[in-house]
**Student:** 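Just dropping this structure here.
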Amino acid sequence: MKMHVDEEIRSLERRMARRRHEVARSARAARERAVRKMVSPTGLAVAAAVGFLATWAFLRRPRIKVIERRRRDRGSGRLAGLVSLATPVAFALVRERFGGPQELAHLVLEKLQQRKQGSPPVAPQ
């Protein structure tokens, strides 16, 4: 009985090894086919054409219509610049005072609920 089981194990191991070698051989063959197609003159020409088209699409300048600038438009740019500079400062202050945006939101929700119930607001901790 023992000899029969050993023979089955050997047979199974041989089949597994054969399949492993077949998979490795087919992967190697697929890699070689892909390399051959990419290095072929047609493959290189297609790759070059795609590269030139992509470069042309990204680097071409769109035709821009000349738009008259008005003085009042400049203020909105300045305001956006000031807001972008003030935002990190505001977040740092919120983090210092309340511990973070989540705690601030929690405090605001508590105050809103207390106002709905009619009780006096609680001072921040």
**Student:** Should the pair Glu13-Arg10 be classified as a salt bridge under the 4.0 Å nitrogen-to-oxygen rule?
**Tutor:** no

**Student:** Which distance, rounded to the nearest 0.5 Å, do you find between the CD of Gln102 and the CG of Leu107?
**Tutor:** 13.5 Å

**Student:** Take a 6.0 Å sphere around CD of Glu22 and say whether it holds more than 12 heavy atoms from other residues, nucleotides or ligands.
**Tutor:** yes

**Student:** Check whether Thr55 reaches the backbone of Gly51 with its side chain - one donor and one acceptor, N or O, closer than 3.5 Å.
**Tutor:** yes

**Student:** Taking side-chain contact (heavy atoms from CB on, under 4.5 Å) as the test, write out the residues that go with Leu12, two or more places apart.
**Tutor:** Arg15, Met16

**Student:** Leu112 and Phe98: same hydrophobic cluster, using ILVMFWY side-chain contacts below 4.5 Å?
**Tutor:** yes

**Student:** Mind checking the OG-CG spacing from Ser84 to Leu82? Nearest 0.5 Å is all I need.
**Tutor:** 7.5 Å

**Student:** From Ser26 OG over to Arg33 CZ, what is the distance, rounded to the nearest 0.5 angstrom?
**Tutor:** 8.5 Å

**Student:** Any chance you could lay out the salt bridge (charged side-chain N to carboxylate O under 4.0 Å, His left out) test for Glu32 and Arg25, step after step, and finish with the verdict?
**Tutor:** CA-CA 11 Å; Glu32 289 173 4; Arg25 186 175 43 233; over 6 Å; no

**Student:** Side-chain contact test, heavy atoms from C-beta onward, threshold under 4.5 Å: evaluate it for Val5 versus Ile9 and give yes or no.
**Tutor:** yes

